[in-house]
Amino acid sequence: MSHVSEAAVAVPRSPLARVFDDALLTAGARADVGDRVVAFVDLARRHQEPGRHYHTLRHVAEMSAALRVLLAAERRPPAERAAHVCVLAVYFHDAVYQPRLADNEQRSAELAIDVLARLGCPAAIGAAVARLVLATASHRSSRDDEALVNDADLRVLARPPAAYDRYVRRVRREYGWLGEQAWREGRAPLLRGLLDGPLYATAWARRNWEPLARLNLARELHALD
């Protein structure tokens with residue numbers, strides 16, 4: 001990691017930076033505060049790259065809030081939920097995001113393993129975070145922690161219609177290089193795939209988010225036909 005000046009470290013950290021750092025420390029990171037700040041700054045810069053309109057720090061913040069709701073709804077002790085691993089996955093899951101590529105999650109998972117290792121986290125933490133990041137590629141959950149992260153990532157689908165429409169417009173801008181017909185031909189099968197089965201993996205999200213999410217998806221699909 002590159003050196004960070006004492007002045008830079010002394011700058012008040014944003015809430016997102018504090019949550020990230022708390023998760024790192026809980027995960028056993030041995031790196032000093034300067035290196036941990038560098039790691040967050042790099043992630044923040046990645047989420048501010050030109051061409052990002054939805055997959056930004058706003059998405060990280062909204063997904064983090066959704067994860068907190070889901071964690072609070074869980075009945076098991078916090079230790080069994082490995083909340084800090086889920087939090088780190090939220091920060092890394094879109095760290096690499098290039099709409100023209102098909103392996104963004106793989107690249108993001110590899111980045112997570114590398115960064116967490118350099119910060120002194122146990123290898124098992126990096127592997128767990130990478131597994132959660134990879135799960136967001138299909139949003140299929142085989143474990144409880146994957147269900148939490150995937151459902152938090154899909155929280156936007158259950159926003160009120162106006163907010164959902166803003167989300168769609170922002171994603172469309174990220175695919176601005178696609179013509180309208182190509183966009184429709186790619187988007188419609190995605191929506192049908194989401195509607196073909198349960199959207200959410202946790203009981204709380206299925207009960208509280210799924211009804212509105214299905215209405216939003218069906219409405220968008222109808223507009224594409």
Side-chain angles (χ1 to χ4, degrees), residues 16-29 36 39-40 42-44 46-47 52 54-98 101-158 193-194 197-206 209 213:
L16 277 179
R18 289 196 297 271
V19 170
F20 180 71
D21 199 52
D22 288 346
L24 284 177
L25 293 175
T26 304
R36 301 198 309 271
F40 175 78
D42 178 67
L43 284 174
R46 288 173 178 273
H47 285 86
R52 290 194 187 223
Y54 172 69
H55 294 89
T56 63
L57 285 176
R58 177 191 294 271
H59 174 50
V60 173
E62 292 178 346
M63 188 172 168
S64 296
L67 178 64
R68 287 195 297 273
V69 170
L70 294 172
L71 286 168
E74 288 284 284
R75 301 292 184 180
R76 288 167 296 156
E80 295 182 18
R81 302 181 307 211
H84 56 284
V85 175
C86 294
V87 169
L88 292 172
V90 168
Y91 281 75
F92 279 102
H93 82 290
D94 285 326
V96 178
Y97 182 74
Q98 299 180 44
L101 300 180
D103 62 346
N104 287 307
E105 290 83 5
Q106 180 64 45
R107 292 172 183 238
S108 296
E110 292 170 356
L111 178 70
I113 290 174
D114 179 60
V115 171
L116 293 173
R118 284 187 282 136
L119 291 175
C121 292
I125 294 293
V129 172
R131 173 174 55 80
L132 294 177
V133 169
L134 290 172
T136 64
S138 65
H139 291 110
R140 293 175 181 169
S141 307
S142 59
R143 302 190 189 185
D144 289 348
D145 54 358
E146 293 171 6
L148 290 166
V149 172
N150 280 330
D151 283 8
D153 195 21
L154 295 179
R155 168 67 178 100
V156 67
L157 303 182
L194 288 170
L199 289 170
Y200 297 104
T202 63
W204 193 94
R206 285 197 300 268
W209 293 344

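For clarity, every value in this text was computed on a predicted model and none was experimentally measured.
Tyr200 and Trp209 have perpendicular rings, their planes meeting at more than 60° on a 0 to 90° scale where under 30° would count as parallel.
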Side chain to side chain contact (heavy atoms under 4.5 Å, CB included) between His47 and Asp94, intermediate numbers included: CA-CA 8 Å; His47 285 86; Asp94 285 326; 4.1 Å; yes
Criterion side chain to side chain contact (heavy atoms under 4.5 Å, CB included) on Val90 and Cys86, from CA distance to verdict: CA-CA 6 Å; Val90 168; Cys86 294; 5.7 Å; no
Side chain to side chain contact (heavy atoms under 4.5 Å, CB included) between His59 and Asp153, worked out: CA-CA 8 Å; His59 174 50; Asp153 195 21; 3.0 Å; yes
Check against side chain to side chain contact (heavy atoms under 4.5 Å, CB included), Asp114 and Arg118: CA-CA 6 Å; Asp114 179 60; Arg118 284 187 282 136; 2.8 Å; yes
Salt bridge (Lys or Arg N to Asp or Glu O under 4.0 Å) assessment of Asp22 paired with Arg18: CA-CA 6 Å; Asp22 288 346; Arg18 289 196 297 271; over 6 Å; no
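Here NE2 of His55 is found 10.0 Å from CE of Met63. Values are rounded to the nearest 0.5 Å. For the atom pair CZ of Arg143 and CG of Leu132, the computed distance is 9.0 Å after rounding to the nearest 0.5 Å. Distance check: Leu194 CG to His139 NE2 gives 8.5 Å after rounding to the nearest 0.5 Å. A distance of 12.0 Å separates CH2 in Trp204 from CG in Leu71, rounded to the nearest 0.5 Å.
When all heavy atoms are compared, the tightest approach of Leu154 to Leu199 is CD1-O, 3.6 Å. Across Ala39 and Leu119, no two heavy atoms sit closer than the pair CB-CD1, 3.8 Å. Taking every heavy atom of both residues into account, Leu70 and Ala152 meet most closely at CD1-N, 3.7 Å. A pairwise comparison of heavy atoms in Gly126 and Ile113 identifies O-CG1, 3.6 Å as the closest pair. Nearest heavy atom pair, residue Val96 against residue Asn104, reads O-CB, 3.3 Å.
For Ala109, the side-chain contact (heavy atoms from CB on, under 4.5 Å) partners at least two apart in sequence or on another chain are Ala130, Val133, Leu134. The salt bridge (Lys or Arg N to Asp or Glu O under 4.0 Å) check on Arg107 picks up Asp103, with sequence neighbours excluded.
Side-chain N or O atoms of Asp151 include one that pairs as donor or acceptor with a backbone N or O of Thr202 at under 3.5 Å. The main-chain N or O of Ala201 is found under 3.5 Å from a side-chain atom of Arg206 such that the two form a donor-acceptor pair. The backbone N or O of Arg46 lies less than 3.5 Å from a partner atom in the side chain of Arg52, making a donor-acceptor pair. No donor-acceptor pair closer than 3.5 Å links the side chain of Tyr91 to the backbone N or O of Phe40.
Just one of Val87, Leu88, Leu25 meets the side-chain contact (heavy atoms from CB on, under 4.5 Å) condition when paired with Phe20; it is Leu88.
With no hydrogens or angles considered, a side-chain donor-acceptor pair links Ser141 and Asn150 at under 3.5 Å.
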